[in-house]
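What you see is a predicted model, and the numbers here were worked out from it, not measured in a lab. As the structure lists them, so they are numbered: ligands from 1, and atoms in each ligand from 1.
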Amino acid sequence: MERSHPVKSTVDKIIDAVAGDEKPGEIPGVPNSEPPSLEEPTEPREPLPPKPDQEGPDTFSPTGQPTGAPQAQMAQGGAHLTTAQGLRLRDTDHSLKAGPRGPVLLQDHHLREKVMHFDHERIPERVVHARGAGAHGIFRAYGTAANVTRAAFLAEDAQTPVFVRFSTVIGSRGSADTVRDTRGFATKFYTSEGVFDLVGNNMPVFFIQDAIKFPDVIHAAKWHPDREIPQAQTAHDTFWDFVGLHTEATHHTIWNMSGRGIPRSYRMMEGFGVHTFRLVNAQGETTLAKFHWKPKLGVHSLVWEEAQLLNGVDPDFHRRDLFDAIEAGAFPEWELGIQVFPDTPDQMFEGIDLLDSTKIVPEELAPVQAIGLLTLNANTSNFFAETEQVAFHVGHLVPGIDVTDDPLLAGRLFSYLDTQITRLAGPNFAQIPINRTHAPVNDMQRDGFHQTAVHRGVAPYRPNSLDGGCPFTAGAGEGAFVEVPVEVSGRKVREAPASYADHFSQPRLFWLSMSPVEREHIIAAYTFELGKCYEQAIKERYLKVLANIDPVLCEKVAEGLGLPVPEAPEPLAEPTPSPALSMIGKTWPTDGRLVGIIAADGDVAEVEAIRQAVLEGGMTPLIIAPTGGMLGGTLPVQRTFVTARSVEFDALLVASAPPPGNDAYGARDAKAGGGTDAPVDPRVLLLINETYRHAKPIGGWGTAAQAISQAGVPPQAPGLAIAEDGMTALEETLRLLAAHRVWDRFPAAASLA
Ligand code: HEM
């Protein structure tokens, strides 16, 4: 990236905080803006405001005009319970009956209205990307793209409100967050020239080259149609059957098998527009470009066991992480960047077909140039109204950004509007508050289900004289979108160009660009996923695909599957590796990370100081104690030995070696298998052991060394910060955390180095 903003290290932040420059936040997760009273409230009052971290959509009219109304006017108001017609009600707990024992009377209009509305609360989930989480934010342009695009929102210092929705692709709305899958990264820019949607993923390539196969790849990846299992995962026969027979999917599949398929957080993912777009500048000159989002926190993944445990322990892990970080003031940030290419007639760059969405252009060949900064700074105030009803579309374009002839993009240009007619029940979903443009609308569209605009005039056609000729078309100089007049010719055929036949050189490029430990994880992922297939033929066929990527990869997976290694194929391509594709080897800010602190009654004074330092460093400290309430009478406890599980923490601090709590009985809690006569609480030992296995930093002081050793962690293990005092242990732990994980704990096989 050409331009970047300084990001303070955690240790710097602690120093600033001690000097009084930064204020510590609170533990996020509070349910509402006011704590509840113990007694049931009975005094009528207006609804509570949302929490300070929450916002709703900006208040624009259905036709894109600012109303200036406060957001509260979009929500329910008034202190008393009413019907949908505003009629006040005296009772909502009893149906109207002929006598207390019934029967219920048909005339009960309140009962019927209440149950009728409830019966229709659900709408169809998205056919793909059904599960997601959204947030509001702001995009500030650097102006560095002004030479290639005339898009107003990319002019220097232009500030544009945005709404972002992250998602998984395959699972249903209620599935878990940390499944192995591609993640959606869709951004709605409410620009002065109309809505621009950048509907991307966290991987730069796609499974297929032509949208006509999209129903097929999704049918293969989702559950089997006879039993509707498995949910939200590709580790089953139909998926591997498809990708073994459509080898154009090899590149996307290796990305899925890497750590990119199990991100640590939405805040720690890259985003990609995937397709090549055509940019147009003020002089009408065109450039081809690919969009990239680069997270300020770096790109980080879970490890597989962590992801699996999380699916059960906290299926909302990614949602919670996003909401909590924003609530805690650790606003996630990404730089938007572009790779630019000359708009040549063949639309190729360095031999790479820019219209083939299964190919990347390595950053070493075309650097990503930063063009603006996205900051997510507000949580939603209503999930359904905002995250569920938002409707993205790759055809929402603004002057200066046009599409290319990528056949995958062409299908998408049809698909999004089409699906939303069903999902959002009719053609007027652009008028739903979260979808409203911030530019005036005069589209001559009329009527339809859920029409909320009250149009005027008598002549919704053009030209007209009865409405004074309004609306008028605009010229390019008046901000009109004018398609680039690209030359088009050719025979009408159902064929792909010859360049689309190369399915293996870029998966190999990806493999060669990985560090040894990342390769180990890729091998393990293929072995797991193929190992869950029932049919030997499907596994054997896919081993042949792997042989086209790399012989060592193929051999190791074959070994894990207990199958013969297939014959080596034609000589493999030898692409130059792209170091930019690896996720490890640097350090990053730790904003919004969760630090678990295991403490017991005697540790309070020092633990309080450590907790404060973690807060001041922009992270969230969670005190884990034998029971809830207040530790030592003063320190609030967030997790107990019963509720804590290692997978929710990025690092663990151990203040002492707490003896078994009174409730540490194996019969009551399988985690407490060690019984009550062990010197350290068995649940604490499990916490430490898992944290160690997942290569997360562990800090300790006091008698912590005893607990760490009891947990089976060798004293010389890498990534242990055992110190005389808590503050030294904390500082060292946070230094380790800046590298995300203690990678040395995963020794890679010599053959992978
Ligand atoms: C580069 C390839 C693709 C990318 C990056 C991509 C990305 C996305 C994302 C991020 C979403 C979720 C939007 C949201 O949060 O509401 C989505 C939804 C969807 N995508 Fe794609 N997609 C791709 C290819 C396709 C293709 C080829 C089709 C169809 C031919 C398609 C059809 C859909 C549909 C129907 C939805 C649901 C939309 C809704 O219900 O509002 N996608 N896609």
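Every atom of ligand 1 with a heavy atom of V127 under 4.0 Å away is listed here by number and element: 35 (C). In summary, the atoms of ligand 1 found under 4.0 Å from a heavy atom of G184, numbered by their order in the structure, are 10 (C). The atoms of ligand 1 that sit less than 4.0 Å from any heavy atom of F392 are 13 (C), 14 (C), 15 (O), 16 (O). Atom numbering of ligand 1 starts at 1 in the shown order; those under 4.0 Å from a heavy atom of S415 are 29 (C), 30 (C), 32 (C), 35 (C). Close contacts between ligand 1 and H275 involve ligand atoms 1 (C) [criterion: under 4.0 Å to a heavy atom].
Heavy atoms only, all atoms of each residue included: P204 and V274 are closest at O-CG1, 3.6 Å. In terms of heavy-atom proximity, F392 sits nearest to D197 at CA-OD2, 3.2 Å. Shown here for I326 and F331, the closest heavy-atom pair between the two residues is O-CE2, 3.4 Å. In terms of heavy atoms, T59 sits closest to Q71 at CG2-CA, 3.9 Å.
The protein non-hydrogen atom at the shortest distance from atom 5 (C) of ligand 1 is N201 ND2, 3.2 Å. Considering only non-hydrogen protein atoms, atom 6 (C) of ligand 1 sits nearest to R412 NH2, 2.9 Å. Here the heavy atom of the protein found nearest to atom 2 (C) of ligand 1 is F206 CD1, 3.3 Å. Taking atom 34 (C) of ligand 1 as the reference point, the nearest protein heavy-atom neighbour is V128 CG2, 3.6 Å. From the protein, the heavy atom lying nearest to atom 29 (C) of ligand 1 is F214 CD2, 3.2 Å. Residue, atom and distance of the protein heavy atom nearest to atom 15 (O) of ligand 1 are R165 NH1, 2.6 Å. Here the protein heavy atom with the shortest distance to atom 39 (C) of ligand 1 is R423 NE, 3.4 Å. Nearest protein heavy-atom neighbour of atom 38 (C) of ligand 1: T419 CG2, 3.7 Å.
Side-chain contact of H275 with D406: a donor-acceptor pair under 3.5 Å is present, judged by distance alone. Side-chain N/O atoms of D346 and T344 include a donor and acceptor closer than 3.5 Å. Counted by atom type alone, H224 and H236 present one or more donor-acceptor pairs between their side chains at under 3.5 Å. The closest side-chain donor-acceptor pair between K213 and H246 falls under 3.5 angstrom.
The aromatic rings of Y266 and F166 lie parallel to each other, with less than 30° between the two planes, well short of the 60° mark.
Across E125, M203, R126, H129, heavy-atom proximity to atom 16 (O) of ligand 1 is greatest for R126. The option with the heavy atom closest to atom 27 (C) of ligand 1, from among L417, L408, I208, is L408. Closest to atom 10 (C) of ligand 1 by heavy atom, among G200, P407, G411, is G200.
Atom 21 (Fe) of ligand 1 has Y416 among its coordinating residues (N/O/S atom, backbone or side chain, under 2.8 Å).
For R264 and D321, the salt-bridge test passes: some basic side-chain N is under 4.0 Å from an acidic carboxylate O. Ion pairing between a basic and an acidic side chain is recognised when a charged N comes within 4.0 Å of a carboxylate O; E388 and R126 show such pairing.
Of the polar atoms of Q420, at least one N or O is found under 3.5 Å from an N or O of ligand 1, judged by distance alone.
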